[in-house]
Asks: 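Before anything else, here's the structure in question.
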Amino acid sequence: MTKNSVFLSAEWRKLALANYEVDKEVLAKYLPPFTQLDDWQGKYYVSLVGFMFMDTKLKGFGIPFHINFEEVNLRFYVKYNEAGNWKRGVVFIKEIVPKPAITFVANTVYKENYQTLPMKHKWEINEDALNVSYLWKTKIWNKFAVKTDLNSIEMAVGSEEEFITEHFWGYTKLAANLTSEYQVEHPRWQVYPVKEYEIDVDFGANYGKDFAFLAHTKPNSVMLAEGSEINVLKGKKLRS
């Protein structure tokens with residue numbers, strides 16, 4: 001990696017992830033050209049993810065009022081075969097942020113599906129637990145909160161946590177035969193053992209009718225990853 005190849009640098013911190021098994025047919029129409037769905041032990045997941053962007057820089061420069069902010073997204077997992085090598089990546093159904101300038105650039109320049117909504121978060125440490133919550137407002141305040149142990153631990157090799165957190169590529173459908181690809185660099189994350197969680201989300205209002213059923217579905221797993229510094233590298237186009 002060279003400095004000039006870094007498009008965005010930041011820290012992603014306190015990533016709360018709720019993972020739901022879904023029928024792969026639900027995801028098929030969102031699949032970017034040239035990619036395939038990626039599964040973990042035969043399960044196809046979508047993940048609700050809430051986290052903080054911190055110390056954000058675009059091409060090495062901080063943008064006033066856009067340094068630290070929340071993001072909540074819904075994503076699923078794919079892979080792309082490049083010359084016999086599999087790249088494991090994610091596709092976003094929607095990304096929600098509180099900053100309209102981010103939404104404008106992402107939607108117009110990069111064809112991502114961003115939305116601007118009022119957002120807030122809370123991190124609290126007490127004697128025996130870490131409490132992390134992310135909230136965003138549609139007609140109601142949606143909430144995703146987790147209560148965990150105070151100390152993070154290493155992820156087990158081959159674990160579900162590893163599958164969910166170690167997809168290092170992003171793919172976006174641009175047209176019927178055109179996909180955008182970019183790489184995200186970060187070290188292996190530690191995770192906090194989850195004690196309790198609360199998910200009060202209108203999935204239909206946020207992500208459309210295809211995902212409305214998640215409001216009444218128990219997630220297969222809920223995680224909290226500490227996160228790290230990250231780099232998003234300049235992307236390229238995949239075409240036939």
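Computed from a predicted structure; not experimentally measured.
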Asks: Between Y30 and F92, does the ring centroid distance fall short of 6.0 Å?
Replies: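 Between Y30 and F92, the centre distance exceeds or equals 6.0 Å.
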Asks: Ring centres of F53 and F51 under 6.0 Å apart?
Replies: yes
Asks: List for me each residue that meets ring-ring contact (aromatic ring centres under 6.0 Å, His included) alongside F144, sequence neighbours excluded, and say none if there are none.
Replies: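 ring-ring contact (aromatic ring centres under 6.0 Å, His included) check on F144 returns nothing, list empty.
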Asks: Run through T138, N142, V97 and flag the one making a side-chain contact (heavy atoms from CB on, under 4.5 Å) with L117.
Replies: T138
Asks: Set out, in order, the CA-CA distance, both residues' side-chain angles and the distance that settles salt bridge (Lys or Arg N to Asp or Glu O under 4.0 Å) for R88 and D38, then state yes or no.
Replies: CA-CA 8 Å; R88 298 171 65 205; D38 198 6; 3.3 Å; yes
Asks: Are side-chain N/O atoms of T172 and S180 paired as donor and acceptor at under 3.5 Å?
Replies: no
Asks: Below 30° counts as parallel, above 60° as perpendicular, anything between as tilted: where do the rings of H186 and F168 land?
Replies: tilted
Asks: Hey, what's the ring geometry for F163 with Y45, parallel, tilted or perpendicular (30° and 60° as the breaks)?
Replies: tilted
Asks: Does the gap between the ring centers of W123 and H121 come in under 6.0 Å?
Replies: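 That pair passes the under 6.0 Å test.
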Asks: So which residues get pulled into L135's cluster when ILVMFWY side chains under 4.5 Å apart are joined, directly or through others?
Replies: W141
Asks: Using ring centroids (six-membered ring only for Trp), state whether Y182 and Y171 fall under 6.0 Å.
Replies: no
Asks: Say whether W189 and S228, considering side chains only, have a donor N or O and an acceptor N or O under 3.5 Å apart.
Replies: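 Yes, side-chain donor-acceptor contact under 3.5 Å.
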Asks: Check the orientation of F203 and Y207. Use parallel for under 30°, tilted for 30 to 60°, and perpendicular for over 60°.
Replies: tilted
